[in-house]
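Inspection log for the structure reproduced underneath, given as structure tokens.
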Amino acid sequence: MRILVTGGAGFLGSHLCDRLLKDGQEVVCIDNLFTGRKSNIEHLLANPRFEFVRHDVIDPFKFEVDQIYNLACPASPPHYQYNPIKTIKTSVMGSINCLGLAKRLRARVFQASTSEVYGDPQVHPQPESYWGNVNPIGKRSCYDEGKRCAETLFFDYHRENKVDIRVVRIFNTYGPRMHEADGRVVSNFIVQALRGEDITIYGDGSQTRSFCFVDDLIEGFVRFMGQTEIIGPMNLGNPGEFTMLQLAELTLKLVGGKSKIVHKPLPSDDPKQRRPDITLARKVLNGWEPAIPLEEGLKRTIGYFRGRV
Ligand code: NAD
Ligand code: UDP
């Protein structure tokens, strides 16, 4: 198959391109390089089955492909808040452009949605049936509501135009190729520990997240795209749940060094707890289950950053 990956030069996108090429597919990767980097896909540029096009998904695009994975969107709070209007445009207009193309081509189209659609959840762990608790006018809203609107568009194109959609809600995923200045917690803590800088915990560190290693997530993507039983939304993530204090302590233990933990103000609307209910994924994705525990995934990610920071 020929497969279009938007946001393919980013953290998750570049791992997805790797995987699709390894499976024998042809890949067209489009990216405006806002948070992505050419270095993430440099090793693919000589592959005749891989093509990179620098393009912004806000502007229409046409490629003859069999499948589309829509990953274009900054994912880290400092980056998506840098230009919030652009972030909403990316989610909304990027989705409309992908869906219009999928409609014309009768191509299956995948949306990288997010656990942020649950906002600061009052149901724990979060099943797909939970409608969420999202502030529509806060600093995170450009991302959360953009992604929620994208889900709406995917389901309306499905109902109105029979577009063959797959919608995944991704929970915090980490691994090699995160940008050292990404700003998300795992890369921040590792980079700070490796540089001997203070580890910055926002708030008291009691808030929780569930961290999935990238390889486990990409396996889930490909299995979900390959099945015809359900269109989603489907949670994908690792249900292991940790406080940010536990994450900081584990990172310090694994990196060693002399960094100390300091506390910074908690950003507004920061969700207090998050853990995926992955019952649906386990059932539909042929026994899919995250295989890499946090400590192992952190070791691999630390190994990646060690030579770079
Ligand atoms: P990332 O920032 O590394 O990747 C996003 C990519 O999209 C980058 O390469 C960026 O340059 C590109 N991009 C941004 N705006 C664009 C535009 N207007 N046109 C074209 N390209 C554009 O982040 P990531 O972690 O790889 O996230 C990939 C996708 O997965 C995003 O849609 C994100 O919302 C979603 N997601 C990720 C996580 C996670 O934990 N990693 C969790 C939930 C959802
Ligand atoms: N966080 C932190 N220190 C950092 C970066 C983030 O304590 O240097 C916290 C942040 O406040 C949040 C959690 O870690 O509670 C996860 O943040 P991230 O930005 O990685 O993802 P998200 O909040 O979008 O889940």
Side-chain angles (χ1 to χ4, degrees), residues 5-17 29-38 40-41 53-59 61 69-81 83 86-95 97 110-118 120 140 143-144 146-147 150 168-175 177-179 182-192 197-212 214 217-218 221 235-237 242-245 247-248 251 261-274:
V5 179
T6 78
F11 160 50
L12 296 180
S14 62
H15 285 279
L16 177 63
C17 290
C29 157
I30 69 175
D31 201 298
N32 70 351
L33 301 179
F34 173 48
T35 52
R37 293 180 281 194
K38 267 202 184 159
N40 286 342
I41 49 165
V53 182
R54 188 168 181 156
H55 183 80
D56 195 309
V57 293
I58 284 173
D59 301 318
F61 44 88
Y69 283 84
N70 184 32
L71 272 68
C73 187
S76 155
H79 290 117
Y80 70 62
Q81 288 166 22
N83 187 343
K86 171 85 189 195
T87 299
I88 302 182
K89 280 186 174 171
T90 295
S91 275
V92 175
M93 293 163 76
S95 293
N97 286 330
F110 171 105
Q111 169 63 2
S113 189
T114 169
S115 52
E116 289 286 324
V117 301
Y118 302 123
D120 188 8
R140 294 175 86 95
Y143 184 74
D144 300 9
K147 289 283 187 179
V168 157
R169 293 182 179 154
I170 305 165
F171 284 66
N172 299 62
T173 301
Y174 67 98
R177 297 196 197 138
M178 292 186 90
H179 199 292
D182 179 89
R184 280 175 282 183
V185 69
V186 174
S187 47
N188 267 13
F189 285 0
I190 291 176
V191 169
Q192 288 163 344
E197 295 168 355
D198 292 344
I199 309 278
T200 55
I201 290 186
Y202 302 159
D204 64 7
S206 64
Q207 71 271 38
T208 67
R209 294 292 186 274
S210 299
F211 297 104
C212 184
V214 59
L217 185 81
I218 300 297
F221 279 13
N235 289 338
L236 283 183
F242 298 86
T243 65
M244 294 313 102
L245 195 57
L247 178 71
T251 307
I261 290 174
V262 298
H263 292 267
K264 298 254 166 123
L266 188 68
S268 57
D269 297 332
D270 199 281
K272 281 181 270 311
Q273 55 179 358
R274 182 180 288 158

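Whatever order the structure lists them in is the order used to number ligands and atoms, beginning at 1.
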Do [X] and [Y] touch side chain to side chain, with heavy atoms closer than 4.5 Å?
X: Pro77; Y: Arg184; value: yes
X: Ser113; Y: Arg169; value: yes
X: Tyr80; Y: Thr90; value: no
X: Leu33; Y: Arg54; value: yes

Taking [Y]'s backbone N and O only, do any of them form a donor-acceptor pair with [X]'s side chain (distance below 3.5 Å, no angle check)?
X: His179; Y: Gly183; answer: no
X: Thr35; Y: Pro74; answer: no
X: Thr208; Y: Phe242; answer: no
X: Glu116; Y: Ala75; answer: no

Task: Best match, Cys73, Gly10, Cys212, Ser115: closest heavy atom to atom 7 (O) of ligand 1 - done: Cys73

Open item on the list: Judged on heavy-atom distance to atom 8 (C) of ligand 1, which of Thr35, Asp59, Leu71, Val168 sits nearest?
Closed with: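 Among Thr35, Asp59, Leu71, Val168, the closest heavy atom to atom 8 (C) of ligand 1 comes from Thr35.
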
Region of [X] that comes within reach of ligand 1 [heavy atoms, distance under 4.0 Å]:
X: Tyr174; result: neither
X: Leu33; result: backbone
X: Met178; result: neither
X: Ser113; result: backbone
X: Asn172; result: backbone
X: His79; result: neither

Open item on the list: Given a heavy-atom cut-off of 4.0 Å, could you list the residues near ligand 2 in chain and number order?
Closed with: Pro77, Glu116, Arg140, Asn172, Gly183, Arg184, Val185, Asn188, Phe189, Thr200, Ile201, Tyr202, Gln207, Arg209, Met244, Pro267, Asp270, Arg274

Task: For Gln192, side chain to side chain donor-acceptor pair (under 3.5 Å) partners two or more places apart - done: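 If we apply the side chain to side chain donor-acceptor pair (under 3.5 Å) test to Gln192, skipping adjacent residues, the hits are Thr200.
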
Task: Mutual orientation of the aromatic rings belonging to Phe171 and Tyr118 [parallel < 30°, tilted 30-60°, perpendicular > 60°] - done: tilted

TODO: Could you check whether the rings of Tyr174 and Phe211 sit parallel, tilted or perpendicular, using 30° and 60° as the cut-offs?
DONE: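 Because their plane-to-plane angle is over 60°, the rings of Tyr174 and Phe211 count as perpendicular.
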
Atoms in ligand 1 flagged as close to [X], the criterion being non-hydrogen separation under 4.0 Å:
X: Ala72; result: 7 (O), 20 (C), 21 (N), 22 (C)
X: Gly36; result: 8 (C), 9 (O), 10 (C), 11 (O)
X: Tyr143; result: 33 (C), 34 (O), 36 (N), 43 (C), 44 (C)
X: Lys147; result: 31 (C), 32 (O), 33 (C), 34 (O)

